[in-house]
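FYI, side chains are in, hydrogens and waters are out, and symmetry mates aren't considered; it's all heavy atoms of this structure.
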Amino acid sequence: MIKKIKTIDLFAGCGGLTDGFEQTELYETLACVEWEKEPCKTLATRLKDKWNYKNAFETVYHFDIQRTDELINGWNNDPIYGSSKGINSIVEKEGGIDVVIGGPPCQAYSIAGRVRDENGMNDDYRNFLFESYLKVVDHFKPKAFIFENVPGLLSAKPGGVSIVERITEEFEKKGYIITDNLRENALIDCTKFGVPQARKRMVILGVNKNLIKENPAIALHDFYNFIFPKYQSKSTKTVKQAISDLPKLLPLEKPVVLSKRKFSHSYNNCEIPNHIPRMHSKRDIETFELLTVDIESGQNKYSSTDALKELYFDITGRRSNIHKYHVLKWNKPSNTIPAHLYKDGLRHIHPDPKQARTITVREAGRLQSFDDDFVFTGSSSDQYKMVGNAVPPKFAKAIALALNELLNKYF
């Protein structure tokens, strides 16, 4: 029997990263930490129902990681988080951990977030959540860690100091080395790993220089240039391959109310979970049909950003600096699935003119490479948000396989 690699997942969300690691059957999840309630429930349910964790709801720690000492050693009678012995108790019982995975919330590092915020996110507490991640790594001293985040991390300078320089320096003080060329090595395109979505992510591997057999720089070079690329897919997956076989959800002549919920589109309780249409106004349905027919017919009147901005003004009477509408293309990967999807889906319009709607949670999940048996709980807003925040499991699986190879070779 293969001895499994023991992991802790920090900022776990609904568990996209953990799910990819579990799919390899090479890892054992000792703890997942997440401070939002509904992602915790989704993740714990997944660990229980799919991966057969008998103690799934104890494995997922609903807690604020900024309270790192309590997270490690335990807390009592908290009005929000209850009581727990902390993750130290389970790690000691299991004889330590091998790997820490996860990544702090990316909004503070994202370029889109900095553009929207009047202070460029400089005052956002999330800039420094990596310090909590660092404390956990420093306490448990794993062989390696995977720090996953957005490309905006490369240019983020909260307080005028490069976040990359800060992260590199702080981890090195604790005995961990990361690549000295993050832009060249750690910036990864998820489409190369079978994810049907244009999504670039930072995958920062850190290795414990006190435990590794070789020069850490050699191992890092090997990982990024030879090991990880071996797990790329042979072809790029498209929107059509990802979602075209799902049941069609067609516009109704007039909205109906089912189970106290209003529907503008057909919905017949299909067996695939989370494939429920959003409620759309008649105006939006007509707009979606207009845009999808424009593409399908080859007229392409609205193929430019300026044309889409004008269309938005004609429809709403409001001006926008960015174009609000985007139709997915059947023969290409989707544009990036963001957490913002919970607010509206106008930039993720289904390509089928007959359906004239934005994508469902299940379609977003498939574009993120979640399996259909991965059930998202909570309100539809909760579900869209957790899908958008997640690491694509197929991408996570490739990371996990590459990391396993590295550990076997160098530790």
Side-chain angles (χ1 to χ4, degrees), residues 106-108 110-121 124 150-152 155 197-200 238-240 243 248-255 261-266 276-361 363-364 367 379-381 383-385 387-389:
C106 59
Q107 288 84 350
S110 76
I111 292 168
R114 300 207 298 268
V115 167
R116 282 195 293 265
D117 186 81
E118 61 183 19
N119 293 317
M121 305 299 270
D124 197 295
V150 292
S155 57
Q197 176 197 167
R199 191 181 192 94
K200 290 188 176 179
T238 65
V239 168
K240 187 172 187 177
I243 69 170
K248 289 181 168 52
L249 306 173
L250 303 171
L252 302 169
E253 284 190 20
K254 60 180 182 179
R261 181 169 175 173
K262 201 172 184 182
F263 287 88
S264 57
H265 287 67
S266 59
I276 302 172
R278 263 186 161 124
M279 174 67 196
H280 293 302
S281 67
K282 188 171 184 289
R283 183 183 76 179
D284 279 348
I285 293 170
E286 290 171 349
T287 303
F288 301 153
E289 186 175 8
L290 174 73
L291 291 168
T292 49
V293 167
D294 180 60
I295 292 170
E296 195 170 82
S297 66
Q299 291 181 33
N300 296 318
K301 284 169 58 180
Y302 303 104
S303 58
S304 72
T305 298
D306 287 342
L308 287 167
K309 285 181 181 178
E310 282 305 311
L311 177 65
Y312 182 75
F313 176 69
D314 290 343
I315 291 170
T316 67
R318 297 193 299 271
R319 289 284 179 191
S320 173
N321 292 327
I322 57 171
H323 72 85
K324 297 281 189 177
Y325 302 116
H326 179 82
V327 178
L328 303 182
K329 309 298 188 296
W330 280 127
N331 62 343
K332 293 181 179 180
S334 163
N335 54 327
T336 302
I337 302 293
H340 182 79
L341 195 58
Y342 83 96
K343 291 187 176 178
D344 72 63
L346 297 181
R347 291 188 56 79
H348 294 83
I349 300 167
H350 196 287
D352 181 4
K354 292 177 181 175
Q355 299 191 56
R357 60 177 177 81
T358 59
I359 60 173
T360 65
V361 170
E363 287 162 340
L367 295 170
S379 68
S380 60
S381 291
Q383 294 168 19
Y384 279 114
K385 190 175 180 182
V387 171
N389 277 330

Under a 4.5 Å cut-off applied to non-hydrogen side-chain atoms, are [X] and [Y] in contact?
| X | Y | answer |
| --- | --- | --- |
| H350 | T358 | no |
| F263 | I276 | yes |
| P255 | K282 | no |
| I315 | E286 | no |
| R278 | Y384 | yes |

Straight-line distance of [X] [atom1] to [Y] [atom2], nearest 0.5 Å:
| X | Y | atom1 | atom2 | value |
| --- | --- | --- | --- | --- |
| L328 | K240 | CG | NZ | 14.5 Å |
| E289 | I349 | CD | CD1 | 12.5 Å |
| H340 | H348 | NE2 | NE2 | 10.0 Å |
| T336 | L341 | OG1 | CG | 11.5 Å |

- Query: Can you name the side chain to side chain donor-acceptor pair (under 3.5 Å) partners of T292, sequence neighbours left out?
  - Reply: none
- Note on the structure: H265 meets the side chain to side chain donor-acceptor pair (under 3.5 Å) criterion, sequence neighbours left out, with none
Between [X] and [Y], which heavy-atom pair has the shortest distance, and what is it?
| X | Y | answer |
| --- | --- | --- |
| D284 | H280 | CB-CB, 4.4 Å |
| V239 | P351 | CG1-CG, 4.3 Å |
| L367 | Q197 | O-NE2, 2.9 Å |
| A356 | I285 | CB-O, 3.7 Å |

- Message: More than 12 heavy atoms of other residues, nucleotides or ligands under 6.0 Å from NZ of K309: yes or no?
- Response: yes
- Is there a side chain to side chain contact (heavy atoms under 4.5 Å, CB included) between L346 and F288 once you walk through the steps? CA-CA 9 Å; L346 297 181; F288 301 153; 3.7 Å; yes
- Message: For R357, give me all partners under salt bridge (charged side-chain N to carboxylate O under 4.0 Å, His left out), at least two apart in sequence or on another chain.
- Response: E363
- Message: For K200, give me all partners under salt bridge (charged side-chain N to carboxylate O under 4.0 Å, His left out), at least two apart in sequence or on another chain.
- Response: none
- Donor-acceptor pair, side chain of S264 and main chain of S281, under 3.5 angstrom: no
- Message: My understanding is that only residues two or more places apart in sequence, or in another chain, count here; which of them pass side-chain contact (heavy atoms from CB on, under 4.5 Å) with Y302?
- Response: L290, L291, D294, A307, L308, L311
- Residue pairs involving residues 317-334 (criterion side-chain hydrogen bond (donor to acceptor under 3.5 Å, both in side chains); sequence neighbours excluded): E310-R319, Y312-R318, H323-R347
